[in-house]
Structure formats: structure tokens, C-alpha cells
Amino acid sequence: MKRRQFIAASCLAGFTPLAAMAQESQPAEVATEAIKLQPQGLIDVQHTGPARQFFELRVYRNDPGAKQQALEEFFAEAAIPAWNRLSIQPVGVFKQKDGATGDLYVLLPHRSLESLVTATWRLTRDEQFLRAGATVLDAPLNDPAYKRIEISLLAAFIGMPELEVPTQAETRLLQLRIYESHSVKKGQKKIEMFNAGGEIEIFRRVGLAPVFFGESLAGPKMPNLTYMLGFEDQEALDKNWEAFRQDPAWLKLKDDPQYKDTVSNITNLILRPAAGSQI
């Protein structure tokens with residue numbers, strides 16, 4: 001079987017671009033530049049479009065109150081400056097608008113897989129980070145700073161290959177949405193709907209300002225795509241979604257039979273920036 005056919009077949013079978021890269025003998029940063037996604041989601045090693053970013057979406061599970069506040073301070077004073085020193089920027093840190101939990105959501109954009117897989121190792125050798133973050137990093141076994149970290153790895157859509165910083169209004173809200181699909185094939189079709197189908201362009205036109213669109217390569221609720229939007233406030237969020245629902249181009253696109261049954265479940269979270277967030 002030819003190499004290109006092998007990679008495409010692996011993707012359809014449920015493998016991610018990470019699995020395809022495992023077949024490469026090139027350095028990670030070279031392989032990252034070589035492999036892109038076609039509009040329909042399939043891998044094409046010959047694609048020469050803009051390099052896509054990779055995103056880490058972390059959820060730090062925690063209790064509300066003092067521990068959440070301490071973790072916010074850790075990110076603002078120690079972790080975000082350290083990530084920036086590794087050229088990981090801008091970093092987003094968010095919490096739920098309604099305060100229902102003490103969870104914190106962290107968004108890390110990476111230019112390469114090498115950046116992603118070496119970031120933790122490099123952080124633990126950053127003396128400034130170790131000193132500034134000692135309260136959290138050296139928390140005792142019987143009193144941890146958080147419960148656990150859950151991480152999803154995402155590849156940016158070809159239709160939006162890089163993260164974009166939305167409005168920086170103090171009242172801003174971030175909307176995080178996860179679209180699950182019941183099969184890999186349908187999941188890829190929904191990605192095509194955003195890319196080649198023009199849904200991203202419709203979003204932009206009606207004021208649904210995207211921060212990122214990503215295909216999940218590893219994490220829970222797979223197969224899924226995940227995206228984030230930015231709004232000045234709740235009023236803008238409600239107004240712009242209403243404009244989207246009534247948009248003629250969207251009404252036509254959603255009734256296109258080729259995109260039927262591409263989403264089986266939607267997670268919708270309204271977030272606000274935590275202390276020090278750069279998004």
C-alpha cells in the first residue's frame with residue numbers, strides 16, 4: 001500500500017495525525033510542518049497550506065473557594081509567564097460564569113508537537129517557575145492544590161489554522177462548545193461542514209467571533225470537535241447567536257442532506273477569564 005493511502009486509511013480507522021507521525025523518522029517539528037488536513041478532514045502529506053497549531057485544553061478539577069483562588073494566582077504569577085518563556089502564548093485561563101464548580105480551564109496553543117510533548121519537562125527545569133509556583137507545585141499529598149487534570153489534544157481546523165484573541169473587554173465571556181459524533185466518518189463530515197461548507201465564514205459574518213476550532217486527537221468524548229467563541233458580554237452572545245439561527249446561508253447549510261446526523265451531543269459552557277488570562 002502506498003504511504004499516502006496508508007495514512008489516510010489509518011485516519012479513517014480512528015487513528016489521529018499523531019499516529020501517522022509515529023511512522024516518520026523526521027524530527028517532530030519537521031513532520032508537523034509536512035502533514036496537514038484537507039478540508040474534509042483527511043490527511044494529505046502534500047498539502048502546502050498554512051501550518052496548523054495544536055491546542056492543549058486542560059481542565060483542572062477543583063473545589064470552589066480558597067483552592068480555586070490559589071490556583072488562579074499560580075497561573076497568573078507563575079505558570080503563564082513560564083509558558084510564555086517557552087513561546088506558548090497567548091494562554092487562556094477560564095472559570096465557569098455561574099461559579100457552579102471550582103474547575104479552571106486552561107488553553108495552551110502550540111506551534112509544533114515538539115512544543116507540546118516537551119513543555120512539562122522544560123517547565124520543571126525553569127528555576128523561576130519552580131520558585132514562583134512553589135505553593136502549588138510542592139503541595140503535600142494530604143492537601144493537594146487540585147484534584148486532577150484532564151487534557152484534550154486538538155488540531156486546528158484548516159479553515160482556521162491559528163488561535164485568534166477575541167475582544168479584551170472586562171465584561172467578556174468565552175463560550176466553549178464540544179460537538180460529539182456517533183462515528184468517525186460523521187465527525188469528519190461535521191469538520192467539512194465548518195471548513196469547505198462555509199460554517200466558519202457564517203460564524204464570523206454574524207458576530208460569532210472564533211477563538212479556535214479544533215479536532216480532538218486525544219481526550220474524552222471522542223470523536224468530537226471543540227471550539228471557542230468570544231463575546232463582549234452576555235447580551236452580545238444572545239444577540240449574535242440569534243442572528244446565526246436566522247441567517248439564510250445557515251438555514252440552507254443545515255438542511256444540506258450530506259451533513260445530516262453529524263452531531264450526536266453538544267456540551268455548552270459559558271466561561272469568563274480568570275486572573276492573568278491572555279485570552
Side-chain angles (χ1 to χ4, degrees), residues 37 49-60 72 75-76 79-80 83-84 87-98 103-112 115-116 119 150-180 190-191 193-195 197-217 219 221 224-241 243-244 250 263 266-279:
L37 291 183
R52 299 174 304 130
Q53 289 183 316
F54 295 91
F55 307 117
E56 267 187 278
L57 180 60
R58 300 184 177 189
V59 185
Y60 287 74
E72 277 193 63
F75 288 129
I80 292 177
W83 277 318
N84 289 172
S87 298
I88 299 170
Q89 56 187 340
V91 175
V93 182
F94 318 101
K95 51 189 174 182
Q96 291 190 29
K97 178 192 174 188
D98 59 11
D103 298 342
L104 291 176
Y105 296 76
V106 177
L107 178 62
L108 302 172
H110 294 273
R111 290 287 177 184
S112 69
S115 168
L116 190 151
E150 298 174 6
I151 301 178
S152 295
L153 171 60
L154 312 166
F157 282 14
I158 195 171
M160 186 178 172
E162 297 185 347
L163 179 148
E164 297 178 12
V165 177
T167 173
Q168 290 295 285
E170 291 186 5
T171 56
R172 70 188 183 277
L173 296 176
L174 292 304
Q175 187 176 26
L176 182 68
R177 289 170 65 82
I178 302 171
Y179 288 5
E180 300 168 47
K190 182 59 185 177
I191 292 172
M193 189 176 180
F194 275 105
N195 285 329
E199 191 170 352
I200 293 177
E201 286 76 9
I202 298 172
F203 269 39
R204 292 186 185 279
R205 179 162 46 76
V206 301
L208 298 176
V211 178
F212 75 89
F213 283 92
E215 176 185 1
S216 289
L217 306 179
K221 302 181 179 180
N224 77 67
L225 65 86
T226 300
Y227 67 89
M228 178 177 281
L229 306 172
F231 302 91
E232 288 192 358
D233 51 30
Q234 184 67 50
E235 181 181 357
L237 187 154
D238 295 336
K239 177 183 177 182
N240 296 346
W241 269 113
F244 174 79
W250 165 243
V263 178
I266 296 176
T267 298
N268 182 58
L269 295 171
I270 307 300
L271 309 173
R272 56 192 176 93
S277 179
Q278 297 172 328
I279 298 173

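All residue numbers in this chain count up from 1 along the given sequence. All values below were derived from every heavy atom in this structure, side-chain atoms included, with hydrogens, water molecules and symmetry-related copies excluded. As the structure is a computational prediction, the values presented were derived from the model and not from experiment.
Qualifying ring-ring contact (aromatic ring centres under 6.0 Å, His included) partners for Phe203, counting only residues two or more places apart in sequence or in other chains: Phe194, Phe213, Tyr227, Trp241, Phe244. By the side chain to side chain contact (heavy atoms under 4.5 Å, CB included) test, Pro273 pairs with Arg172, Leu174, Ser277, sequence neighbours left out. With sequence neighbours excluded, no residue satisfies side-chain hydrogen bond (donor to acceptor under 3.5 Å, both in side chains) with Lys239. Shown here are the side-chain hydrogen bond (donor to acceptor under 3.5 Å, both in side chains) partners of Glu162, two or more places apart in sequence or in another chain: Arg111. Residues satisfying the side-chain hydrogen bond (donor to acceptor under 3.5 Å, both in side chains) criterion with Thr167, sequence neighbours excluded, are absent altogether. With sequence neighbours excluded, the residues that form a side chain to side chain contact (heavy atoms under 4.5 Å, CB included) with Ala275 are Glu72, Ala76. Residues satisfying the salt bridge (Lys or Arg N to Asp or Glu O under 4.0 Å) test with Arg205, not counting sequence neighbours, are Asp247. A search for side chain to side chain contact (heavy atoms under 4.5 Å, CB included) contacts involving Gln234 returns Lys97, Leu173, Leu237, Asp238, Ile270, not counting sequence neighbours. Remark: Glu201 pairs with no residue by the side-chain hydrogen bond (donor to acceptor under 3.5 Å, both in side chains) rule, at least two apart or across chains. Looking at residues two or more places apart in sequence or on another chain, you find a ring-ring contact (aromatic ring centres under 6.0 Å, His included) between Tyr60 and Phe75, Tyr146. For Glu150, the salt bridge (Lys or Arg N to Asp or Glu O under 4.0 Å) partners are Arg61, not counting sequence neighbours.
You'll find the side chain of Gln96 reaches within 4.5 Å of the side chain of Leu271, heavy atoms only. Within the 4.5 Å cutoff, side-chain heavy atoms of Asn84 are placed close to those of Gln278. Residues Ile266 and Tyr179 have side chains in contact (heavy-atom distance under 4.5 Å, counting atoms from C-beta outward). Looking only at side-chain heavy atoms (C-beta outward), Phe157 and Glu215 come within less than 4.5 Å of each other.
Smallest separation of non-hydrogen atoms from Phe231 and Gly207: CE2-O, 4.2 Å. Between Ala156 and Pro161, the shortest heavy-atom distance links the atoms CB-O, 3.4 Å. For Gly276 against Ile80, the heavy-atom pair with the smallest separation is O-CD1, 3.3 Å. Gly159 and Asn195 get closest at one heavy-atom pair: N-OD1, 3.0 Å. The two atoms that bring Gln53 and Leu163 nearest to each other are OE1-N, 2.7 Å, heavy atoms only.
Side-chain atoms of Thr171 come within 3.5 Å of backbone N or O of Glu232 as a donor-acceptor pair.
Salt-bridge formation is detected for the pair Arg204/Glu164: a Lys NZ or Arg NE/NH1/NH2 atom is positioned less than 4.0 Å from an Asp or Glu carboxylate oxygen.
Here Ile88 contributes atom CD1 and His110 contributes atom NE2; the two are 4.5 Å apart, rounded to the nearest 0.5 Å. One distance of note links CZ of Arg177 with OG1 of Thr267; it measures 9.5 Å at 0.5 Å rounding. Going from atom CG of Asn240 over to atom CG of Leu208 covers 5.5 Å, rounded to the nearest 0.5 Å. Interatomic distance, CE of Met193 versus CD of Glu199, reported as 5.0 Å (0.5 Å rounding). One finds the CD atom of Gln168 at 8.5 Å from the CD1 atom of Ile279 (value rounded to the nearest 0.5 Å). Annotation: the span from Leu154 atom CG to Arg52 atom CZ amounts to 11.0 Å, rounded to 0.5 Å.
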Verdict with reasoning, Tyr105 to Leu269, per side chain to side chain contact (heavy atoms under 4.5 Å, CB included): CA-CA 11 Å; Tyr105 296 76; Leu269 295 171; 3.4 Å; yes
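Residues in residues 266-279 take part in no salt bridge (Lys or Arg N to Asp or Glu O under 4.0 Å) pair, two or more places apart or across chains.
The one candidate from Asn268, Val211, Leu107, Leu57 that meets the side-chain contact (heavy atoms from CB on, under 4.5 Å) condition with Leu176 is Leu57.
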